[in-house]
Amino acid sequence: MEELVALCKRRGFIFQSNEIYGGLQGLYDYGPLGVELKNNIKQTWWASMVYDRDDIEGLDASILTHQEVLKYSGHEDTFTDPMVDCKSCGERFRADQVPDYCKEEDLTEPRQFNLMFKTNVGPVDDGSSFAYLRPETAQQIFTNFKNVVDSTSRTLPFGIAQIGKAFRNEITPRNFIFRVREFEQMELEFFVNPGSDDEWHDKWVELRLDWWEEQGVPRKAIELLYVEGDELAHYSKKTVDLMYKFPHGTEELEGIANRTDFDLGSHSKNQDELNIQAKVTKNASSNSKLAIQEQNTNKWLVPFVIEPSAGVERAFLAILNEAYRVEELKDGKTRVLLSLKPHLAPIKAAVIPLKKNNKDLVDLAYKLKNELQSMKLGRVVVENTGNIGKSYRKHDEIGTPICVTVDFDTLEKNKVTIRDRDNMSQEIVEIEKISSFFKKKISG
Ligand code: GAP
């Protein structure tokens with residue numbers, strides 16, 4: 001983990017948030033390369049859900065959430081972690097995360113601590129007009145269910161996907177970006193006919209494992225945990241957690257839950273008419289019937305929901321961890337390598353003029369950069385340091401799939417040298433063939 005943290009800071013992937021004022025625990029900022037990798041992860045998830053399939057719509061709902069949404073969802077009552085104080089060191093911990101240096105006899109009895117952040121909405125600060133920062137993106141998908149169905153005429157099965165910030169006042173944020181207080185989720189709520197839910201649940205576990213494999217996190221690196229008993233969330237009939245071996249230990253990367261009809265049923269009006277199967281609180285506030293009319297019978301039914309929910313930060317950490325390696329070279333030196341899948345690489349290609357101060361070489365490098373950039377496959381840069389070896393090392397370390405060197409042969413013979421990040425091979429390529437070479441390398 002230390003090596004990944006050091007690389008992230010050194011190369012501008014991730015910084016401690018608010019660092020110049022001493023930092024705020026559990027918050028991180030994404031630097032020039034971090035924002036690219038994060039965007040690429042989100043884009044590939046979005047494409048796999050919304051563009052590649054024909055049964056999913058997208059949504060981007062507000063973060064500030066009405067108190068009643070999180071009342072009926074069960075979060076006000078149950079979104080808690082047990083917390084203990086240590087009378088000796090004076091610190092507070094999640095009861096299952098007490099460090100070894102605290103003695104059992106110094107700990108208070110655990111008490112429940114709600115993880116939701118509250119804030120004031122509007123100019124009056126008398127406590128009556130508060131809202132929550134959403135603790136999961138899912139709830140606003142449920143509250144928009146009717147809007148999406150009415151505006152798209154969707155029938156079952158279909159899904160609504162959303163990527164966005166979520167906030168949890170974690171008692172002990174830890175392990176770099178693994179457990180933080182502000183993070184992003186990539187969540188799909190997939191609505192199905194009751195009765196077909198188990199089959200769809202199994203299907204989504206497989207689909208998600210395939211997706212992780214495509215991002216460089218192989219199936220063999222993920223264990224399936226069938227969550228049982230008290231560990232199951234209040235809304236879930238069955239949950240499968242994808243457990244990944246993070247540098248600090250094996251923990252949840254993504255959860256895939258069968259949320260039954262709990263959420264739509266909880267937020268719906270006219271609950272008594274809907275034959276809701278989950279145990280829900282009576283809702284007298286909602287003005288929307290969150291149900292769908294069966295095509296043959298015209299009867300109203302509340303769909304079941306299968307929810308694959310992944311954190312962007314945990315995806316970032318797992319992808320980085322899989323891609324990171326330190327290689328011994330023939331000359332006895334080592335090189336650090338980020339062997340990221342090309343579609344995730346923050347920088348897709350670096351164009352390097354052989355000499356820093358040679359106008360012809362530098363101008364041509366920018367011309368080639370602009371040509372590759374215009375293909376819209378991601379960020380392309382000119383690396384004008386005048387030191388080819390150093391540029392190669394840097395781009396190995398940040399995961400740039402190819403480096404294109406512009407030298408005197410380029411000026412005279414219209415040829416560049418393309419160096420591959422993973423095997424360090426060098427290939428002479430004619431300038432007019434660079435675009436197709438680049439496209440093949442990045443998008444396969
Ligand atoms: N809507 C369901 C839900 O929120 P969850 O298991 O609490 O379920 C889903 O969270 C995913 O969100 C987790 O698998 C994890 O990837 C990510 N996540 C949850 N809490 C997190 C935190 N404090 N920091 C970073 N990621 C977190």
Side-chain angles (χ1 to χ4, degrees), residues 14 17 24-28 30 38 41-42 45 59 61 63 65 69-70 73-75 78-81 94 96-97 113-117 132-143 159-190 201 204-205 208-209 211-212 215 217 222-227 231-244 246 248 250-260 262-264 266-267 305-319 321:
I14 299 176
S17 193
L24 259 180
Q25 230 201 332
L27 300 176
Y28 288 92
Y30 288 76
K38 218 174 177 207
I41 293 170
K42 290 189 280 184
W45 185 90
L59 181 77
I63 288 170
T65 305
V69 172
L70 293 153
S73 68
H75 284 81
T78 62
F79 200 61
T80 55
D81 273 340
R94 216 171 97 166
D96 61 346
Q97 291 173 355
F113 173 76
N114 195 297
L115 302 183
M116 289 195 293
F117 284 99
Y132 291 109
L133 302 191
R134 64 183 178 201
E136 60 173 5
T137 64
Q139 289 307 317
Q140 301 289 40
I141 297 183
F142 301 127
T143 60
I160 304 177
Q162 178 168 222
I163 300 177
K165 292 262 182 178
F167 300 82
R168 298 183 187 180
N169 196 4
E170 298 283 354
I171 301 166
T172 26
R174 54 169 61 188
N175 296 320
F176 193 32
I177 54 170
F178 177 81
R179 188 178 304 287
V180 284
R181 290 183 168 136
E182 175 178 338
F183 56 100
E184 284 185 271
Q185 289 185 315
M186 306 181 282
E187 295 201 297
L188 167 69
E189 306 303 325
F190 197 77
H201 194 194
W204 273 110
V205 172
R208 295 303 301 145
L209 286 166
W211 184 83
W212 283 109
Q215 314 320 316
V217 183
I222 296 176
E223 287 167 28
L224 300 191
L225 176 79
Y226 293 84
V227 183
E231 295 293 315
L232 262 186
H234 62 280
Y235 50 73
S236 175
K237 166 178 156 186
K238 184 174 168 192
T239 294
V240 179
D241 282 346
L242 307 191
M243 305 293 284
Y244 172 73
F246 287 99
H248 64 276
T250 302
E251 292 212 55
E252 180 185 334
L253 174 64
E254 166 164 1
I256 303 158
N258 180 344
R259 295 183 75 130
T260 69
F262 174 83
D263 300 276
L264 293 179
S266 295
H267 291 302
V305 179
I306 307 301
E307 177 198 63
S309 170
V312 177
E313 285 69 13
R314 291 189 191 177
F316 194 114
L317 193 54
I319 287 166
N321 188 44

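Values reported hereafter were calculated over all heavy atoms of this structure, with side chains retained and with hydrogens, waters and symmetry mates removed. Whatever order the structure lists ligands and atoms in, that order sets their numbers, starting from 1.
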_Under 4.0 Å to a heavy atom of R179 - the qualifying atoms of ligand 1, by number_ = 23 (N), 24 (N)
_Gap separating the CG atom of L188 from the CD1 atom of I306, nearest 0.5 angstrom_ = 10.0 Å
*Decide whether an N or O pair under 3.5 Å exists between G311 and ligand 1.*
yes
*So, are R259 and E136 salt-bridged, with charged N and O less than 4.0 Å apart?*
yes
*Assess the pair F178 and F176: is the distance between their ring centroids shorter than 6.0 Å?*
no
*Residue E254 vicinity, atoms of ligand 1 by number, heavy atom under 4.0 Å*: 14 (O)
*Starting from atom 9 (C) of ligand 1, which protein heavy atom do you reach first, and at what distance in Å?*
S309 OG, 3.0 Å
*Can you find an N/O atom of E136 closer than 3.5 Å to an N/O atom of ligand 1?*
yes
*Atom CG of D81 and atom OG1 of T172: how far apart are they, to the nearest 0.5 Å?*
8.0 Å
_Return the CZ to CZ distance between R94 and R174, rounded to the nearest 0.5 Å._
8.5 Å
*When you measure from atom 13 (C) of ligand 1 to every protein heavy atom, which one gives the shortest distance, and what is it?*
E252 OE2, 3.3 Å
*Considering only heavy atoms of E170, which atoms of ligand 1 have at least one such atom less than 4.0 Å away?*
22 (C), 23 (N)
*asked:* Which of the numbered atoms in ligand 1 are under 4.0 angstrom from any heavy atom belonging to F178?
replied: 24 (N), 25 (C), 26 (N)
_Would the distance check show the side chain of T78 and the main-chain N or O of G74 forming a donor-acceptor pair, the cut-off being under 3.5 Å?_
yes
*Where does the angle between the aromatic ring planes of H75 and F79 fall among parallel (under 30°), tilted (30 to 60°) and perpendicular (over 60°)?*
tilted
*Is any side-chain heavy atom of W45 closer than 4.5 Å to a side-chain heavy atom of I163?*
yes
*Which atoms of ligand 1 are found less than 4.0 Å from any heavy atom of R259?*
1 (N), 2 (C)
_Atom indices of ligand 1, in the order listed, that fall short of 4.0 Å to a heavy atom of E307_ = 1 (N), 2 (C)
*Can you check whether N169 reaches R181 side chain to side chain, under 4.5 Å on heavy atoms?*
yes
*For atom 18 (N) of ligand 1, which protein heavy atom lies nearest, and how many Å away is it?*
F183 CE1, 3.5 Å
*Which protein non-hydrogen atom lies closest to atom 24 (N) of ligand 1, naming both residue and atom, and how far is it?*
V180 N, 3.0 Å
*asked:* What I'd like to find out is whether the side chain of P135 reaches to under 4.5 Å of the side chain of L70, using heavy atoms alone.
replied: yes
*Which ligand 1 atoms does L253 reach within 4.0 Å, using its non-hydrogen atoms?*
14 (O), 16 (O)
*Going by heavy atoms in the side chains, are M186 and E254 under 4.5 Å from each other?*
no
*asked:* Once you restrict to heavy atoms under 4.0 Å, what part of E182 touches ligand 1? Side chain, backbone, both or neither.
replied: neither
*Is the number of heavy atoms from other residues, nucleotides or ligands within 6.0 Å of CD (Q97) greater than 12?*
yes
*Mind checking whether R168 has an N or O less than 3.5 Å away from an N or O of ligand 1?*
yes
*asked:* Out of all atoms in ligand 1, which are within 4.0 Å of some heavy atom of G255? Include the element for each.
replied: 14 (O)
*Considering only non-hydrogen protein atoms, determine which one is nearest to atom 10 (O) of ligand 1 and report residue, atom name and distance to 0.1 Å.*
Q185 NE2, 3.4 Å
*Where is the nearest protein heavy atom to atom 15 (C) of ligand 1: which residue, which atom, and how far?*
R314 NH1, 3.5 Å
*Answer with side chain, backbone, both or neither: which part of Y235 has a heavy atom less than 4.0 angstrom from an atom of ligand 1?*
side chain
